[in-house]
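Computed from a predicted structure; not experimentally measured.
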Amino acid sequence: MKSARAVSARSRSVAIGLRAAGAMALALVLASCSLFGGDSGAKSPSTPNPEIADAAPADLRSYYTQKVEWVPCESDFTCAKIKVPMDYSKPDGDSIEIAALKLSTKSNSKKGSLLVNPGGPGGSGYDFVRDAGSTNISEKVRTNYDIVGFDPRGVNRSAPVTCLTDQERDASRAKTYALDTDAGLAEALADNKAIAAKCAEKTGPVLGHLDTVSAAKDLDILRGVLNDGKLNYLGYSYGTFLGSTYASLFPDNVGRMVLDGAMDPSLSYEELTNGQAKAFEKAILAYVTHCLDSSGCPLSGTPEEAVGQIQDIIKAVEADPMSAKDGRVVNASMFVSGFILPFYNDDNWPVLTQALGSALKGDVSPMLRLADFGADREPNGKYSGNSTFAFGAINCLDYPMVTDTAGMRADEQQLRQASPTLGYYFAYGGTNCKDWPYQSVRTPAPAEYKGSTDIVVIGTTGDPATPVEWASELRKQLGTAALLTWKGEGHTAYGRSNDCIGNAVDSYLVDGKTPADNTVC
């Protein structure tokens, strides 16, 4: 699992981590417009459904019955802000707003709303539906549902985690730490502590309430104000964790739920990281095997020798950071951040080949562009999102992490064994949370779904971010569920795999036909 907040040169490289669905891996695979029109006229207020209001918890009824105005925005879409409690243990206290964007169907046979989470934690569902909803969600589904993307609490437009200025973010990413030394680890911890203090100061008390359980409770309020008796939901990657959390909390409210690129909620942070490290090493071998069989591959020899050449260039950048054409220095952490991004969608392997070829010739500019994309940095030096900070803040609440030196050192050795190429860069995630101002609020445990509605879980055999084994485990935990497996490479399957997966998901979402359990596509 990634460690994204920040300053750890080793853990920051995994900042892509579970942040986004494979369909969002690179801008070149996104479409910027929608095929379906939204409510382009006046404001469209939603009137609470009395049945939904009556079923809402008494102390939260005012949130479920709030009148929400959907206003035209973002070309073909409508947008709204939904109030939710900042602290669910004090529903009469302060509230925050969740930003949502809707792609409305004009069909008279609408089945309701389909809420979408692209991953993370820290991914923007608002941006995903706006930028990729019409390309990654089929026309059949878009005809039958209003597609709703939202920024979970702490993300972008919804009480966002705010920590550093753009200049400070550049400076933080440019720092390097020898975390396998006591001095390097101490320096990283000191910097992380300073950043944590800035996060607390700039974000405010909501920083202590960004956990996934709270986000799942927000999801049910969103369902209520959309006047849906059941939650219809498509979650990718971390979105599967959010979805399974919701199913455990609100089993009777589960409608048609697809969990693609599944996470296993029973695993510790360290177990998740180890599994991801193994999966990335497997994906690297698959990539180099493909590269060696393709024209223009800058690698040579056997697949194992080619992997060694990648390890060599990473070590070279570790020893002597390289300058990009714009004069910025690219350290090993930034290099690795760029290197891992194309693995989220094998359609982008040619981009990786080009970046590796340039790096081997001394030009790291293409790799820097990949790293910047993953860090939300625009070419003009501005940062367009806060996914890095949101990821760290949410994970520090969701997972009790190993933060003592001996434990982190032992974890590093295990990660090196799991991934000789990247293991070091997955280590020391605990440095991000050791001095975080809020303690974790969750103990990892299996999902406990007691509902009667089938849930569809999807895994991809070559997924580097959410290993396919996690999908099988989540399916077992959910009980009333069906498992789909895609034999493919990259992160997640729906919207980027094949008709077998696409038709199965569409038939489930639109026609209510659950695919046969253990279907392999």
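The closest side-chain donor-acceptor pair between His491 and Thr460, if any, does not fall under 3.5 angstrom. Side-chain atoms of Ser172 and Glu168 include no donor-acceptor pair closer than 3.5 Å. Looking only at atom types and distance, the side chain of Tyr344 has no donor-acceptor partner in the side chain of Arg496 under 3.5 Å away. If you check the side chains of Glu74 and Tyr126, you find a donor sitting under 3.5 Å from an acceptor. Between the side chains of Ser387 and Asp376, at least one donor N or O lies within less than 3.5 Å of an accepting N or O.
Using a 4.0 Å cut-off between charged side-chain N and carboxylate O, Asp170 and Arg377 make a salt bridge.
No donor-acceptor pair closer than 3.5 Å links the side chain of Thr212 to the backbone N or O of Ala215.
Asn395 and Pro121 get closest at one heavy-atom pair: OD1-CG, 3.9 Å.
Sequence neighbours left out, the pairs with a member in residues 272-334 that pass disulfide (SG to SG under 2.5 Å) are Cys291-Cys297.
Between Phe280 and Phe426, the gap from one ring centroid to the other is short of 6.0 Å.
Tyr438 has its side chain within reach of Leu207: a pair of non-hydrogen atoms, C-beta onward, lies under 4.5 Å apart.
Under a cutoff of 6.0 Å and an axis angle of 45°, Arg416 and Tyr424 form a cation-pi pair.
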